[in-house]
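Structure, as structure tokens:
Per chain, numbering begins at 1; letters A, B, ... match sequence-line order.
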Amino acid sequence: MSNSQPAPKDFIRAIVAQDREARKFNGVVHTRFPPEPNGYLHIGHAKSICLNFGIAQEFSGLCNLRFDDTNPAKEDVEYVESIQEDVRWLGFDWQDRCFFASDYFERLYEYAVLLIRKGKAYVDSLTADEIRTYRGTLTEPGKESPYRTRSVEENLDLFSRMRAGGCEEGAHVLRAKIDMASPNINLRDPTLYRVRRVPHHRTGSDWNIYPTYDFAHPLSDSLEGITHSLCTLEFEDHRPLYDWLLDECEMACHSQQIEFARLNLTHTVMSKRKLLELIEEGHVSGWDDPRLPTLMGLRRRGYPPEAIRRFCEHIGVAKRDGVVEVNLLEHFVRETLNANAQRVMAVLRPLRVVLTNYPEGQVEELPAVNNPEDPAMGSRAVPFSRVVYIERDDFREDPPKKYFRLAPGQEVRLRYAYIIQCVNVIRDEQTGEIVEIHCTYDPETKSGSGQSARKVKGTIHWVSATHALEAEVRLFDHLFSVPDPEKDGRDYRTVLNPNSVERLRGCQVEPALQGAVAGQRFQFERQGYFCVDSDSTGQRLVFNRTVALRDSWAKIEKK
RNA sequence: UGGGGGAUCGUCUAGGGGCAAGACAACAGAUUUUGGAUCUGUGAACCCAGGUUCGAUUCCUGGUCCCCCAGCCA
């Protein structure tokens, strides 16, 4: 019964559910994710991937991966491979259904011939400039090309010569014969084929002509039996053409195009062009720079694919265009990492602390919980000794109100260890800089066993100086310092965040991190989630900060 | 002043002739050996104007504002 079904989550699922119930397409649901292999995927694509694969899953259907490789001048196998890797990483499986529009070139050509025979397409020999002029404007109708009335025979002959390689690029194009006066510019005899004397990454030099998106897309959808062809809003105007082509080519399957709003995120840019500019101008290091919204970048940054999926589920699908705040994405990253990231202690900006009453040479192995959210993750031993490092931020000579950390005379708990009290501050005689602090520890307050009634307000993280591993840590922040980098048409480069990355060397991390491999994710207690960077080696650990923990102290201090 | 789409808390998304719901963010409190997590609570919205109606955010009419389209890109 339909009333036992949960309400559809969005208008597209509502349509799909209705179609399935009405047995449209025989009750089958078949979608596709159709990237052009001319760049790398970003989180905007993730929305489409989750939508298409998600709907297929929910409606017991299938989702194809199809490369829209109709423009050899811009495309490359390198992109094909990276796109496949990204889709897999996101957690989706196209099984044996990875297709290419180029797989259909021969059939597409035959459909073009069919259109010519029906008098629905013609070879135009106007120049690109002339075609533009003839097209008219938004408010004025276009003019018909003088070549529009060529005979079927002449068109057939010309078109086959275009294919055979007898003409220069731009000499001719194949156009649909629709309506030069249409208020919808896409219907003013759109181009179906153009001459391109460029080798294609899959078909080599087999072809001298290539179909346009407008021609190839609907036919590819139909050939694959795609029932619901989901795309972004800017293709809304193309739908009449999409339908016209399926009708005129007499396709057995009339796929249904449905448009939804693309994803926009605050504090970043999403277009391939701008992403490329950021890379080429050296503002970021490459497509996998952890500050970029590319899937490669997010992966390197440490974002779990599950977090991205949850985010995409959560933002929903609608037709109004808007901008999602990045903090929503970050929320899902924290939420998933909180549940499964191993906790570890790491001191980013070390301050030496000597426990003057702790026996020289003594080492204790203190048990530490790996993840309080998940007891199954067990515990580990953390070495403790007379000299430890704490965070410089965790000591203040003049502590503000409500500062629950270390200060002269004040007490604080070292996580999983003892309560210590600051008794002395040692500074560099020249610079006056604090070089180390002396504390005493209270042996009665050992974590767990002690049961000391004594409570302190603060607990800070630390690492044993003799046992710590040195590491480099890269702290990332938003690439842009404002939510909408392109507001009022300004150049987004003018609002790049100068502090979007901070490299910290000489960080001291817990020995449990020995041997951590690239991609492994941790929570550095009290600081955030970090992931081992691909620059990391056995000798030199490098971490990326995925996202900081929520910091309510920072808020208090701001006031 | 062509055509196509859209307008609900700060943000995203529901709903739909009769109390406008959720999430993030914000704020307040509880709790806490992570100032994390968790829990509780608070504030916060139907673009405007008319009309129909007992009643309109929803239906109708007219506006306003925003987005997209003049590639041989997708």
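Under a 3.5 Å cut-off, the side chain of A/Gln523 and the backbone N or O of A/Asn338 do not form any donor-acceptor pair. Not a single donor-acceptor pair under 3.5 Å links the side chain of A/Ser379 to the backbone N or O of A/Pro367.
Comparing A/Ala261 and A/Thr139 against RNA chain B, the residue whose closest nucleotide sits nearer the 5' end is A/Thr139.
Using a 4.0 Å cut-off between charged nitrogen and carboxylate oxygen, A/Arg66 and A/Asp221 count as a salt-bridge pair.
Residue A/Arg320 has no polar side-chain atom (N or O) positioned under 4.0 Å from OP1 or OP2 of B/C12.
Taking atom C1' on both nucleotides, B/C47 is separated from B/C39 by 38 Å, rounded to a whole Å. Remark: the separation of the C1' atoms in B/C59 and B/C27 is 39 Å, to the nearest Å. Annotation: B/A49 and B/U57 have their C1' atoms spaced 15 Å apart (nearest Å). A distance of about 39 Å separates the C1' atoms of B/G4 and B/G43, rounded to the whole Å. Using atom C1' as the reference point in both B/G51 and B/U42, the two lie 39 Å apart (nearest Å). For B/G6 and B/A44, the C1' atoms lie 24 Å apart once the distance is rounded to whole Å. Taking atom P on both nucleotides, B/C66 is separated from B/U8 by 14 Å, rounded to a whole Å. Spacing of P atoms, B/A45 relative to B/G55, comes out at 25 Å, to the nearest Å.
With a cut-off of 3.5 Å on both Watson-Crick or G-U wobble distances, the partner of B/C65 is given as B/G6. In this structure B/U38 sits in a base pair with B/A30, meeting the Watson-Crick or G-U test at under 3.5 Å. Nucleotide B/A23: paired with B/U11 (Watson-Crick or G-U wobble, both distances less than 3.5 Å). Pair assignment for B/G43 gives none, since no Watson-Crick or G-U wobble pairing has each distance under 3.5 Å. The pairing partner recorded for B/U52 is none, the criterion being a Watson-Crick or G-U wobble arrangement whose two distances lie under 3.5 angstrom.
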Exercise. If a protein heavy atom is under 4.0 Å from the base, mark B; if only from the sugar-phosphate, S; if neither, -; do that for nucleotides 24-37 of chain B going 5' to 3'.
Key: SSSSS----BBBBS
Quiz item: What does nucleotides 67-74 of chain B look like as a protein-contact string, B for base, S for sugar-phosphate only, - for none, at under 4.0 angstrom between heavy atoms?
Solution: SBBBSBSB
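If you take CG of A/Asp179 and C1' of B/G4, they are 16 Å apart, rounded to a whole angstrom. Across the protein-nucleic acid pair, A/Phe11 atom CZ and B/G15 atom P stand 12 Å apart, rounded to whole Å. In this structure, A/Glu140 atom CD and B/G2 atom P are separated by 12 Å, rounded to whole Å. Rounded to whole Å, the distance from CZ on A/Arg262 to P on B/U13 is 15 Å. Rounded to a whole Å, the NZ atom of A/Lys9 is 17 Å from the C1' atom of B/G15. B/C12 atom C1' lies 15 Å from atom CZ of A/Phe260, rounded to whole Å. Across the protein-nucleic acid pair, A/Leu187 atom CG and B/G2 atom P stand 18 Å apart, rounded to whole Å.
In this structure, the ring-ring contact (aromatic ring centres under 6.0 Å, His included) partners of A/Phe215, at least two apart in sequence or on a different chain, are A/Tyr193. Here A/Arg396 pairs with A/Glu557 under the salt bridge (charged side-chain N to carboxylate O under 4.0 Å, His left out) rule; sequence neighbours left out. In this structure, the salt bridge (charged side-chain N to carboxylate O under 4.0 Å, His left out) partners of A/Asp10, at least two apart in sequence or on a different chain, are A/Arg13.
A cation-pi arrangement is not found for A/Arg415 relative to A/Trp462, the charged atom failing to lie both closer than 6.0 Å to the ring centre and inside a 45° cone about the ring normal.
No side-chain donor from either of A/His461 and A/Arg343 sits under 3.5 Å from a side-chain acceptor of the other.
Counting non-hydrogen atoms of neighbouring residues, nucleotides and ligands closer than 6.0 angstrom, the CD atom of A/Glu234 exceeds 12 such neighbours.
For residues 328-338 of chain A, every residue pair satisfying the salt bridge (Lys or Arg N to Asp or Glu O under 4.0 Å) rule, not counting sequence neighbours, is listed here: A/Arg310-A/Glu335.
Glycosidic torsion of B/C19 falls within 90° of 0, placing the base in syn. B/G15 has its base anti relative to the sugar, with a glycosidic angle deviating from 0 by more than 90°.
Of the options A/Lys177, A/Lys143, A/Arg148, a salt bridge (charged side-chain N to carboxylate O under 4.0 Å, His left out) to A/Asp189 is made by A/Arg148 and by none of the others.
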